Amino acid sequence: MTCRQAERTLFVSDVHLDAGAQESQRQFLDFLRTEATRADTLYILGDLFESWVGDDAGDNGPVLAALAELTGRGVACFLLHGNRDFLIGQRFCDRTGCRLLPDPVAVELGGERVLLTHGDALCTDDRAYQELRTVVRTDAWQRRFLALPLAARSLLANEARAGSRAHTARTAPTIMDVNGQAVERVLRATRARRMIHGHTHRPAVHDALIEGRPVERIVLGAWYEQGSYLLYRGGRYELHTLPR
Ligand code: MN
């Protein structure tokens, strides 16, 4: 008798792939060709790319090819937008076989509702960032931006990244973490008991109580210095670090 293999689901976030960061790209490509091929499903919870100025930019060919190879093998691959790559669109999906999900989204895993989100929308203490987010996530802003020539878009993206670095440097770390009430609000609204997100680059598992019921918030790590992923199999979640 053969045992049915347990479902394996992987989660990654904040890979921040960038032409200037060859090591993290190599490590992520290796992850897609090894660990990810043994999974049934891969969820990428935003900021796969350090910057994305439109599907027509023509960068990141090897990553797109590796994702296409993975989905071609039958691994379902889902993607959420991050604050860096929220302009990923349908052409990216057509080329890679990845499917875009809204943020937040509730999925069912092991008979349980699990809430997936990039995490930036939960950082409500960072008012300046939330104001910016409200503007750039409108269709009107995105249509205007995508209509600009590629060189202009790249220039603006570089300026935005410099502005973001300056903002991060002068803002207290607690302001840039998720807000507890925002977490509770979204968990209550979706009746989920578990949430998985990235964005803050603070990998951890947080336990809390909402109306006396236990909830869990799993935070994925970034790939700047090492790899980081979450594996779900056999009813258990395991956060893993991939040394470089
Ligand atoms: Mn982010």
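These values consider heavy atoms only, across backbone and side chains, with no hydrogens, waters or symmetry-generated copies. Nothing here was measured: the structure is a model prediction, and the numbers come from that model. Remember, it's 1-based here, ligands and their atoms both numbered in the order they're listed.
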Treating R113 as the side-chain partner and T190 as the backbone partner, does any N or O pair qualify as donor plus acceptor under 3.5 Å? yes

Would you say the side-chain atoms of D103 pair up with the backbone N or O of H118, donor to acceptor, closer than 3.5 Å? yes

Are D120 and N83 linked by a side-chain donor-acceptor pair shorter than 3.5 Å? no

Go around the Mn ion (ligand 1) and count every protein N, O or S atom nearer than 2.8 Å. 4

Side chain to side chain donor-acceptor pair (under 3.5 Å) between E50 and Y224, intermediate numbers included: CA-CA 10 Å; E50 179 77 0; Y224 284 126; 3.0 Å; yes

Q27 and R244: side-chain donor and acceptor closer than 3.5 Å? yes

When you measure from the side chain of Q22 to the backbone of A19, do you find a donor-acceptor pair of N or O atoms at a distance under 3.5 Å? yes

